[in-house]
Amino acid sequence: MIAITTDPIDYSSAYRYLQTGEAGAIDFFFGIVRNKTSEQAVDRLEYEAYDNMAIKEMQKIADEACRRWNVLNYVIVHRKGTLLIGEIAVLIGVATPHRADAFDACRYIIDTIKQTVPIWKKEVFKNGEVWVNAHP
Amino acid sequence: MIAITTDPIDYSSAYRYLQTGEAGAIDFFFGIVRNKTSEQAVDRLEYEAYDNMAIKEMQKIADEACRRWNVLNYVIVHRKGTLLIGEIAVLIGVATPHRADAFDACRYIIDTIKQTVPIWKKEVFKNGEVWVNAHP
Amino acid sequence: MAKKISVLLFGITRDIVGQDSVMCALPQGSRVGDLLDTLKQQYPRLGDIRSLLVAVNSEYAEADTILSSKDEVALIPPVSGG
Amino acid sequence: MAKKISVLLFGITRDIVGQDSVMCALPQGSRVGDLLDTLKQQYPRLGDIRSLLVAVNSEYAEADTILSSKDEVALIPPVSGG
């Protein structure tokens, strides 16, 4: 399952979706809004996505993960809109027969999402804001 | 938080326990009862623990993880008693500022638990049972 | 013969241009690289961005891809999801 | 002077002995290695286990650790948690 949503991410329903009798391992990665970046206090984040392309790119990443590892089931959900501290920005979940594949596939997916998926994050501070990674 | 429990493992309360404003990443590992082992259909698992020693050994592992990585908070919960297919046998959760530490610490904890913590698993099949790892 | 390409804008490119998309007039047979050059001339601050890619029909496109006015074209500044 | 050591049993060792713990009479000054030898003599099937460790006061103990009758002693067959 791959989704971009403006609603809070529901990890319980993601867990239920992943669950299958063959699964011996599930790895979940939560990307969460931290209260600071490089020691600057963050007020909130604004996420924006090029939805249909982002879904396509996430699908490519998921397909590649399924080629490399024995993945029974996966969930990739990214949130967009305004996110406050402590909210889940992204959830990756991978179910596999054995644990090494779950860790490897989950980590591959989040690492690659950060490189190729057209989603952008603006950090809003008390006095200013910045599009992350935009400038050298 | 470290615990051995006979109750089903509640990952939502584990998530709430881990949550803190400094956390940018949470990794969860679920070890789950699979429906088969080496192509034999599993009916159920029976877990047994030397409780006070198991807690001590898990504490050593958690302390070592906190020395090696920047861990804000962790949860290690292992279940014992009779577990059916699909039930969670162990949950490891690690909250960190950045994601690499969450993956590394979580994986270290589960890998080391399987080596040193006095917990034993009996696989029960339709026609027989076996203590896992007991014989060469 | 010129063609008009509508270009979707996201993140910092939207902030720089001040709108969600921009129309760009290009000669027939123009390529992705030409589009980028034209837009950077029109909006010099686009040149300050660490990297600027172009997606055509929601796939990353090379600089020599030829553009058609039927394509869905988008500027892709450095991504920062997760 | 003999001493009696109560040994906790788990997993396959409990199945082999048929109870949760076993009393083992050992000469004064006996060590973990002596306890293992004695128990394997009494219950030969313990010798078939892939590895058999001993915990003293809920810590893994070396073979040369001297045992006291006040110690909490346990046999630790190969673990298989997770």
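These figures come from a predicted structure and were not determined experimentally. Labels below follow one simple rule: chain letters A, B, ... track the order of the sequence lines, proteins then strands, and each chain is numbered from 1.
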Of the options B:Tyr47, B:Phe29, B:Tyr50, B:Phe30, which is the one that meets B:His78 in a ring pair (Phe, Tyr, Trp, His ring centres under 6.0 Å)? B:Tyr47
Of B:Trp69, B:Phe103, B:Tyr74, the residue whose pairing with B:Tyr108 passes ring pair (Phe, Tyr, Trp, His ring centres under 6.0 Å): B:Trp69
Highest number of heavy-atom pairs under 4.5 Å with chain A: which of B:Gly93, B:Ala23, B:Ala95, B:Cys106?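 Maximum pair count with chain A is reached by B:Ala23.
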I need the residue from A:Ala89, A:Ala100, A:Ala102 with the largest number of non-hydrogen atom pairs under 4.5 Å to chain B.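 Looking at each of A:Ala89, A:Ala100, A:Ala102 in turn, A:Ala100 comes out on top.
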Using non-hydrogen atoms only, which part of [X] is less than 4.5 Å away from chain B: side chain, backbone, both, or neither?
| X | result |
| --- | --- |
| A:Gln19 | side chain |
| A:Ile85 | side chain |
| A:Asp10 | neither |

Would A:Arg44 and A:Glu46 pass as an ion pair if we require N to O under 4.0 Å? yes
Can B:Lys80 and B:Glu48 be counted as an ion pair, charged N to O under 4.0 angstrom?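 Here B:Lys80 does not pair with B:Glu48 in a salt bridge, since their nearest N and O are not under 4.0 Å apart.
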Say whether A:Asp111 and A:Gln115, considering side chains only, have a donor N or O and an acceptor N or O under 3.5 Å apart.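 On atom types as modelled, these side chains do not qualify, holding no pair under 3.5 Å.
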